[in-house]
Trainee: 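Quick one: structure below, then a few questions.
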Amino acid sequence: MDHTEDRAREKQIDPVCGMTVPADSPRSAEFEGEKYVFCSDRCLTKFEHDPAGVLADKDGESGSPGDGKMEHSCCGGSATKAKRKPSSTQRLPDSPSPDSQTLFTCPMHPEIEQVGPGDCPICGMDLEPKVVALDDEGEDQQYADMKRRFCVGVALSVPLLVIAMGPMVGLRVADWMSQTVFGWVQLALATPVVFWCGWPLLVRGAKSFRTMNLNMFSLIAVGTLAAYLFSFVVVLLPGVIPEAFFENGVPPLYFEAAAVIITLVLLGQVLELRARQQTGGAIRELMKLAPDTAHRMTDDGEEDVSLDSVRQGDRLRVRPGEKVPVDGKVLSGSSSVDESMLTGEPMPVKKVEGDEITGGTLNQTGALVMEAVGVGGDTVLNRIVQMVADAQRSRAPIQKLVDVVARYFVPAVIACSILAFIGWAVFGPEPQLAHAFVAAVAVLIIACPCALGLATPMSVMVGVGRGAKEGVLIKNAEVLEVMEKVDTIVVDKTGTLTQGRPEVTGVETFGGWNENDVLTLAAAVEAQSEHPLAQAVVRRAKADELQLVEAEEFNSITGGGVRARVDDHDVLIGKADLLVEQGIEGVDAGRDKAGSHQAEGATVVFVAIDGKLAAILAITDPIKQSTPAALKTLHELALKVVMLTGDAEPTAKAVASKLGIDEFHAGFSPEEKHDFVRKLTEKGKTVAMCGDGINDAPALAEANVGIAMGTGTGVAIESAGVTLVGGDLRGVAAAANLSRKTMSNIRQNLFFAFIYNALGIPVAAGLLYPIFGVLLSPMIAAAAMSFSSVSVIANALRLRAAKLT
């Protein structure tokens, strides 16, 4: 059995969250005769509660698209896997056309989903496609329709306003027409505004009363229809209006109020729809990375096909200067590929036969022939797009407060409107009923809770999109809220602080062995291993142009080492303690030499040949150039940084000292990392754990927020709360900054919305009248209501320019 098979046998999949877990994990359970292992106590508890249900969910995910949602609580909180879309909507370059195959959702209530367009049964807003498409950059139908209605509303409301309000500025239009004609002209101008321009608003209001999900459209419909219908009766049957309504001897008209209110609300809708389009910019930028077509190679030659026609196993040609169409493996050719869209690193990566290649990356110099492995919805790029889209639709826990308030808000506003009418009718000055009517309508209009409903979703949508542009993929809004409270960052060393590509920087030999002979034998053994340190030895031997030979009887030794026979020599490679356990001579001499290398941050590997120490290899993993600046930013954010590594104490100490790490612990196994994180959380710390998403799976699951470093593939995207696409510690600082700025933005929006309504309702009800003699016009109330929504939207859009690092 080879080393790869041995490693595979040591790992199993957690059936709850999908993480790779050591097979000997202490968290295990049996069901129907089969043993399952788990990454955390939370996953174990969930499985024990309903094992059949958990396994059924996992089968549903791997099979046909399911309709349910699965909640799991690892990786720093609960995460929701959104319903899968039909396969036709998983094609990156295609738009989700509003047909029966596209899932639509509400921007305020993401739990509302349906196939095809419509409106939300809770808040009344138009549903939108769950995933932004490339051709959404233009005006969509909903936005164009609302803008058209708004423009017509403006064209009719302005002359109506001039006619009705002209006398206040000395423009007496009524002087050259009778009172009857005056009323009919206003009726003719207002009717199209209310019943054509405002029709979508009135329909939503009617639905809200039918379903008793009262919302902003409930108040708009009641207020505008009351003003319009009262005026309609005045024009048709003026004799039925009580004299208590009369102003200057005639019954008043409120056509201009109804029309202007509708127009201002439409303005708010237009601005909101435009803002929602802009929040999809991050997704569109990601989607543009994929080309429109691929060059498929067949027995008959080469043909250009659309991406949705590419199937797993197809052979594709990628020419110089073209983008890689899908995920796959290089079959022939060599080239340099720009992977900056994934890693953030500007240096191209050499690709040769057998190397993996990612869709959306840019082929630079040579021609490649590749085999398609991940296509359609299975590409890294498409999973990233889906992750960003799902996160933008998710709800932060703070939204629960808003939901509770909104549930009682609209009925309370209607009650306030009725009380205002009664108060003015009983205690107000003449004309009492006219004043009462104006106050009641003004209260209904100014209190529309649209700003309150937009406060959280707009900030989350913009914040998640901003993070995606920086390569910071947020799983859901809850992660944003928890991340803001993080006070301790726990990081792994290899691949997080360092480049993750170690190199042999020193070789010291013993017992008469020369450097080349030792490297030849050591590389032959390490070629059988996948460990990063083993690959460093192989790379050094190849760089020195040494001829590698075949190793026999290869064996991986538990405790940190490998053994094999090479050219009749018994070669053992590993830690000093392992060599002592195996009875190797001369280890103490190697320890003495190793200290100086470890003090400089190198990892030291001991090589024994035929029972005696032959050499020590100093292997250094260079620190990433961005790491010092990223750590400085984390410290400026008052975050404590703790390094956990499986490396030796002297090496870890040297790295920690050089980087200014607050605390470090060396020689930690994955289980010990998990236990350390758990102890921190038990002490009341809010912990973010940064790892590669696989080896550090237990610790990632135990942390309040799991941050996966790497290219965003496999388990990282599926399970981590935050995925840093570039695998750069700067992303941790960016995530911390993003969470703080987004949550601050949400609080600003909620504060503004609450204060606006708290002050607006009393003012509309007539609080200022006894002092200043001012009664708020319903038109002014509508303008104020629209301004509040626009202010919330504008404040949320500020996040697009936020500096994260």
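Keep in mind the model is a prediction, meaning the values are calculated, not measured.
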Trainee: Is it the case that the ring center of Y228 lies less than 6.0 angstrom away from the ring center of F195?
Mentor: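 Yes - the distance between ring centres of F195 and Y228 falls below the 6.0 Å cut-off.
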
Trainee: Do V152 and P192 come within less than 4.5 Å of each other through their side chains, counting heavy atoms only?
Mentor: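 No, too far: nothing below the 4.5 Å cut-off.
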
Trainee: Answer yes or no: is there a donor N or O on one side and an acceptor on the other, between the side chain of D487 and the main chain of L639, under 3.5 Å?
Mentor: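 Side chain of D487 to backbone of L639: no pair is present.
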
Trainee: Are P200 and R149 side-chain neighbours, meaning at least one heavy-atom pair lies under 4.5 Å?
Mentor: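 Touching, per the 4.5 Å side-chain cut-off.
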
Trainee: Would you say S739's side chain and A736's backbone share a donor-acceptor pair under 3.5 angstrom?
Mentor: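 Side chain of S739 to backbone of A736: a pair is present.
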
Trainee: Is any side-chain heavy atom of I414 closer than 4.5 Å to a side-chain heavy atom of V443?
Mentor: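 No, every pair of side-chain atoms sits at 4.5 Å or beyond.
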
Trainee: Salt-bridge test for E470 and K803: reply yes if a basic N is under 4.0 Å from a carboxylate O, no otherwise.
Mentor: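 Salt bridge between E470 and K803, a charged N being under 4.0 Å from a carboxylate O: no.
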
Trainee: Identify the heavy atoms of I220 and T224 that sit nearest to each other, and give their distance.
Mentor: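 Smallest heavy-atom distance, with atoms named: O-OG1, 2.7 Å.
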
Trainee: With side chain to side chain contact (heavy atoms under 4.5 Å, CB included) as the test, pick out the partner of F232 among L225, L187, T191, V194.
Mentor: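 Among L225, L187, T191, V194, the one meeting side chain to side chain contact (heavy atoms under 4.5 Å, CB included) with F232 is L187.
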
Trainee: Of all the heavy-atom pairs spanning G205 and S208, show the shortest one and how long it is.
Mentor: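 Nearest pair, atom of G205 first, then S208: O-OG, 2.5 Å.
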
Trainee: Are any side-chain N or O atoms of T686 and backbone N or O atoms of V486, one a donor and one an acceptor, separated by less than 3.5 Å?
Mentor: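 No, the answer is negative, given that no donor and acceptor are paired below the 3.5 Å cut-off.
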
Trainee: For a 4.5 angstrom cut-off between non-hydrogen side-chain atoms, does I474 reach L738?
Mentor: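 Of all side-chain heavy-atom pairs linking L738 with I474, at least one is under 4.5 Å.
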
Trainee: Please round to the nearest 0.5 Å and tell me the distance separating atom CD1 of I746 and atom CD of Q748.
Mentor: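 One finds 10.5 Å between CD1 of I746 and CD of Q748.
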
Trainee: State, yes or no, whether a side-chain contact exists between W184 and L236 at a heavy-atom distance under 4.5 Å.
Mentor: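 Answer yes - side chains close enough.
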
Trainee: Taking S744 for its side chain and K741 for its backbone only, find out whether a donor-acceptor pair lies under 3.5 Å.
Mentor: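 No: the side chain of S744 does not pair with the backbone of K741.
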
Trainee: Atom NZ in K207, atom CG in L202: separation rounded to 0.5 Å?
Mentor: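 Between K207 NZ and L202 CG, I get 12.5 Å after rounding to 0.5 Å.
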
Trainee: Short question: side chain of R740, backbone of L637 - any donor-acceptor pair under 3.5 Å?
Mentor: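 It does hold such a pair.
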
Trainee: According to salt bridge (Lys or Arg N to Asp or Glu O under 4.0 Å), does anything in residues 208-231 pair up with another residue at least two apart or in another chain? List the pairs.
Mentor: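 Counting only pairs at least two positions apart or across chains, no salt bridge (Lys or Arg N to Asp or Glu O under 4.0 Å) contact touches residues 208-231.
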
Trainee: Is it the case that atom CZ in F209 sees more than 12 heavy atoms from other parts of the structure closer than 6.0 Å?
Mentor: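 Enclosed.
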
Trainee: Carefully, step by step, assess E484 and R747 under the rule salt bridge (charged side-chain N to carboxylate O under 4.0 Å, His left out).
Mentor: CA-CA 13 Å; E484 184 205 22; R747 293 190 187 97; 2.9 Å; yes

Trainee: Which heavy atom in A227 sits nearest to a heavy atom in A258, and how many Å separate them?
Mentor: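 Where A227 meets A258 most closely, the heavy atoms are CB-CB, 4.2 Å.
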
Trainee: Quick check on side chain to side chain contact (heavy atoms under 4.5 Å, CB included): which of V185, V235, L189, V193 does F255 satisfy it with?
Mentor: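 Of the listed residues V185, V235, L189, V193, the side chain to side chain contact (heavy atoms under 4.5 Å, CB included) partner of F255 is V235.
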
Trainee: Between N749 and N795 (side chain of the first, backbone of the second, donor and acceptor by atom type, cut-off under 3.5 Å), is there such a pair?
Mentor: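 Not at all, since once roles are kept as given, no pair shorter than 3.5 Å links the two residues.
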
Trainee: Mind checking side-chain contact (heavy atoms from CB on, under 4.5 Å) for A436 and listing every partner two or more places apart, or none if nothing turns up?
Mentor: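 Listed in chain order: F421, W424, A425.
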
Trainee: Below 4.5 Å, heavy atoms only, C-beta onward: do F150 and C197 meet side chain to side chain?
Mentor: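 No - every pair of side-chain heavy atoms lies 4.5 Å or more apart.
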
Trainee: Does the side chain of V203 reach to within under 4.5 Å of the side chain of W199, using non-hydrogen atoms?
Mentor: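 Result yes, sub-4.5 Å side-chain heavy-atom pair found.
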
Trainee: Do L201 and L266 have side chains that get closer than 4.5 Å, going by heavy atoms?
Mentor: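 Yes, at least one pair of side-chain atoms sits under 4.5 Å.
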
